[in-house]
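Letters go in sequence order (proteins before strands), and every chain restarts at 1. Everything numeric here is computed off the predicted structure, so don't read it as measured data.
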Amino acid sequence: MSNTLYNHQEIETKWQEVWENDHLFQDSAKINPANKLYLLFAFAYPSGSGLHVGHVESKTALDILARYHRMNGKDVFFPVGWDAFGLPAENYAIKTGTPPEVTTKNAIATFERQLKRIGISYDWDNEIATCDPTYYKWTQWIFLELFSKGLAYQATGKVNWCPSCQTVLANEQVVNGRCERCDSEVIQKDMKQWFFKITEYRDELISGLDDVDWPNPTKQQQINWIGKSEGVEVDFALKNSNRQLKVFTTRVDTIAGVTFMVISPEKFAEFKLVEIQPEANKKACEDYLTASSKKTEEERKIGEKNKTGVDTGLFVTNPVTGKDVPVWIADYVLAGYGTGVVMGVPAHDPRDKAFAKKFDLEIIPVIESEDEVAYGTLINSGKYTGLSSKEAMEKIPADFTDIMKVTQNYRLRDWLISRQRYWGAPIPIVYDPEGQPHPVKQEHLPWLLPTDVDFKPTGESPLRSSVEFKERVEKLYGKGWTPEYDTMDTFVDSSWYFLRYVDSKNELQFASPEQLKNWLPVDFYMIGPEHIVLHLLYSRFFTKFLRDQGYLKFSEPFMKMRHQGMILGPDGRKMSKSKGNVINPDDVVEKFGADTLRVYEMFMGPIEADKPWDERSVVGVHRFLRRIFDLVMTEDNEVEMPRVVSKLQKTIQKVTADTPELKFNTAIAAMMEMVNVWEEHGGGLSKAQKEQFVKLLAPYAPFIAEEMWHKVNKNTIHQSEWPKADESLIQQDEIILPIQINGKLRGDLRISPAELSALSKEQIQTMAMALPSIQKRLEGQEIKKFIYIPGKIANLVI
RNA sequence: GCCGCGGUGGUGAAAUGGUAGACACGCGAGACUUAAAAUCUCGUGAUAGCAAUAUCAUGCGGGUUCGAGUCCCGCCUGCGGCACCA
């Protein structure tokens, strides 16, 4: 068999062309589905470096599902599109002057070519790209919907500012407090920004997770990100004033141990506490506020170990002890969480303790327990002494209903969506001469991204350099009117693309109600674990918002979701150009073929695991495909052999069970076993049975399967029917029944299934004990118990 | 620190509480070949033994069970996420 007929190059280019000409699997959204299955892959950014092996993994996995389910009679919708706005194209433009639309267009063309080459059965007719005005028209429309409901609003917020590049950076561009590109320290700058009020849905974003089939760790991570915590708000009365300081605490049981209060610098300014402050403390506080506002991310982290602060000279009264305690300003208190004011309990909070030690503040223990932060029994707490923490946490708020309120706090903040960047969807807002924002009129959508801009960063939004943009606004809205110069975060684009797919060419709506009803929600989403908190949370928020506006009839967009793992370099490390361990899928396709690439990646291990690339194992998979090809194309022994036929039935069962469960590695192993048996017997399958096997292979290796199928068929294998196992052909001429003594394997009974089922438990015991290997170990021993699991195992207990 | 996920041969990995290591790679020996590649055959967890076989073995220590890689408790360790969140 050394002169194999298998020429992957020839086969794969041939079928790629045929499928494309036949328009296979296209325009599926136009069907009115009886039995729909919407498969979605994570929206990809069309990077200049093209498809990498990680893309191949997730796309192949979904493609196998798509092909498998089509063969099982499902109406499969499997669309493709591009998250095409974003920074790399813009940075490239800054460097080279090439407009981002040119770079992006080229990159998309490369991806399309590569995806077709590896045989992904996308519905190309519904392809979308977020940078296309027919798409971002509706991104802008959603913005305006949010704006009209008060869920898109402007506020002054801190942004990451790179002083060297003179530009705002996205969070993802800040690595360890430094600019990803020039490595200079990023500072926080206050700028007026647009936000989406995702916090409006924070509780539903938690509870909705009960209704979806997602990996549990993923749900946990989202829940942690939202960060709901139960606690109590307490108003502490400020001495010599009629004002209060409100704090949030999860440990109201420790309130008797409050020996000071700490307020964040921002909140001290916001509350104008300087008005009631003793003159003597004013100067120091003012200096502290100025100093902390200049701190960088890095400096703030240093403060984690070495806390700073200043005494305001103000006092509040501890409601339980009646004692007056001092109020300090310190920037270890976060302005954005809770009320921005914290009650200091140095005996039971490590941060408060560090602060108290540094500034010599009183430390009073109020909980008796092994660990200072654990729950325990109250001491030094007046009338609450002796209660457990748990009891106190109920009793204390109940006793002080005038100043305490049981409440919740969340870590989740509103979503800052404005970017001082060029390559994104313009925010559809115009300002009147007084500076008030107004929505761009519906008839002016899409609100086009101007092209006459200077990409070089100047510290201002690049759109400011467009003359056309300014003129457009004045012409449409009047003299003195100005556009919003910021663009939207690309996560906005990707938060609703799965809705657009089902009606990608609709000019009147983001998607028609009929099409949405036909296909949504998404049945299965395959996406990397890196998207757990941002994209997946934002998409769920958009879905819930659009539902509340009456556009959608469901609450969760992605019913079932699984993650693909990362493909690591041969050295076991993450692939990167600088490490020189990148595997280029084009090379593998060239050398071994797309089928080999696909099957190898699926055979590497469980889909969700991170797996290192192994060049030599690729050869093994290629060998496997070639052996099949030789068996099918050249082996003409078509006399059915019961052993081989039986193995085929078992293989059909295994592949049918494993494929929809995404257990592709074990399904492939089963097919390999089948080929081993088949080869050992030098044939043994009829033509029809060979075809059944080829069908099992078809979703995994679509090109070679099609070629083998066409040896006798005219139509495509990918629209044929999935094979069914015939159990009556499964042969079991001998069962090997393992016999254990005290749970250790000591022998086995070889017996036919018919004979075995006729035997009683006692008879089996007798036969087992008669085995020489068993007998010699039973010498003079008493059998205490005999366990028999029918057909599985027998165990003698001595 | 908090939340989560892992740890099985030389390697990637299998294994509804029921024969641990399927399948594949690699390696060793052999066949074919002038030779190499490719291909094929046999072997391959460790230790001892010519062998049959025996003992040990799923990060470590306990436990439940007739029986544990799998369930429970306590550690060690690697990885991911969050992190001065009060």
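- Side-chain contact of R627(A) with N676(A): a donor-acceptor pair under 3.5 Å is present, judged by distance alone.
- In RNA chain B, consecutive stretches of 3 or more Watson-Crick or G-U wobble pairs with both distances under 3.5 Å are given as paired ranges: B:1-7 with B:76-82, B:10-12 with B:23-25, B:26-31 with B:39-44, B:45-48 with B:53-56, B:59-63 with B:71-75.
- In this structure, the nucleotide among rC23(B), rG4(B), rA83(B) sitting nearest to the side chain of Q220(A) is rG4(B).
- Ring to ring, W678(A) and F693(A) are close: their centroids are under 6.0 angstrom apart.
- Between rA15(B), rU39(B), rC66(B), one nucleotide has an atom nearer to the side chain of T666(A) than all others, and that is rA15(B).
- Among the atoms of the strands shown, none is found under 4.0 Å from any heavy atom of D748(A).
- Note on P606(A): only backbone sugar-phosphate atoms sit closer than 4.0 angstrom, heavy atoms only; bases stay farther off.
- Heavy atoms of Q221(A) sit under 4.0 angstrom from primed sugar atoms or phosphate atoms, though from no base atom.
- As judged by a 4.0 angstrom heavy-atom cut-off over every strand, N409(A) is placed among residues making no nucleic acid contact.
- Residue contacts shown for G227(A) are absent, as no nucleic acid heavy atom lies under 4.0 Å away.
- Contacts of P738(A) with the nucleic acid, taken as non-hydrogen atoms under 4.0 Å apart, include base atoms.
- Side chains of S389(A) and D253(A): a donor-acceptor N/O pair is present below 3.5 angstrom, by distance only.
- Taking atom CD1 of residue I789(A) and atom C1' of nucleotide rG67(B), one finds them 9 Å apart after rounding to whole Å.
- Under 3.5 Å, the side chains of S229(A) and Y410(A) contain no donor-acceptor pair of N or O atoms.
- Nearest nucleotide to the Y332(A) side chain, out of rC3(B), rC84(B), rA38(B): rC84(B).
- Counting any heavy atom pair closer than 4.0 Å across all strands shown, S229(A) reaches sugar-phosphate atoms only and no base atom.
- In the set rU55(B), rC66(B), rG26(B), rC66(B) carries the atom at the smallest distance from any side-chain atom of N795(A).
- Counting non-hydrogen atoms under 4.0 angstrom, V247(A) reaches nothing in the nucleic acid.
- Of the candidates rA86(B), rA54(B), rA83(B), the closest approach to any side-chain atom of R777(A) belongs to rA54(B).
- Residue L334(A) has its side chain nearest to rA86(B) when only rA86(B), rA24(B), rC5(B) are considered.
- Between rA86(B), rU53(B), rC25(B), one nucleotide has an atom nearer to the side chain of Y337(A) than all others, and that is rA86(B).
- Within the nucleic acid shown, R616(A) comes within 4.0 Å of sugar-phosphate atoms alone, with no base atom in reach, counting heavy atoms only.
- If you check the side chains of Y700(A) and T60(A), you find no donor sitting under 3.5 Å from an acceptor.
- Between the side chains of Y600(A) and D595(A), not a single donor N or O lies within less than 3.5 Å of an accepting N or O.
- For N224(A), the listed nucleotide lying nearest its side chain is rC3(B); candidates were rC3(B), rA13(B), rC82(B).
- Put simply, the side chain of I64(A) reaches to within 4.5 Å of the side chain of R598(A), judged on heavy atoms.
- When heavy atoms are screened at a 4.0 angstrom cut-off, F786(A) is found touching no nucleic acid atom at all.
- Residue N216(A) is classed as having no contact, given no heavy-atom separation below 4.0 Å to the nucleic acid.
- Taking the six-membered ring for Trp and thresholds of 30 and 60 degrees, F786(A) and Y788(A) have nearly parallel ring planes, at less than 30 degrees apart.
- Between the base of rC66(B) and the side chain of K784(A) there is no donor-acceptor pair shorter than 3.5 Å.
- Taking atom C1' on both rG9(B) and rG26(B), the two are 12 Å apart, rounded to the nearest angstrom.
- The E673(A) side chain lies nearest to rC23(B) when the options are rC23(B), rU19(B), rA24(B).
- Side chain of N665(A), nearest nucleotide from rC25(B), rU53(B), rA14(B): rA14(B).
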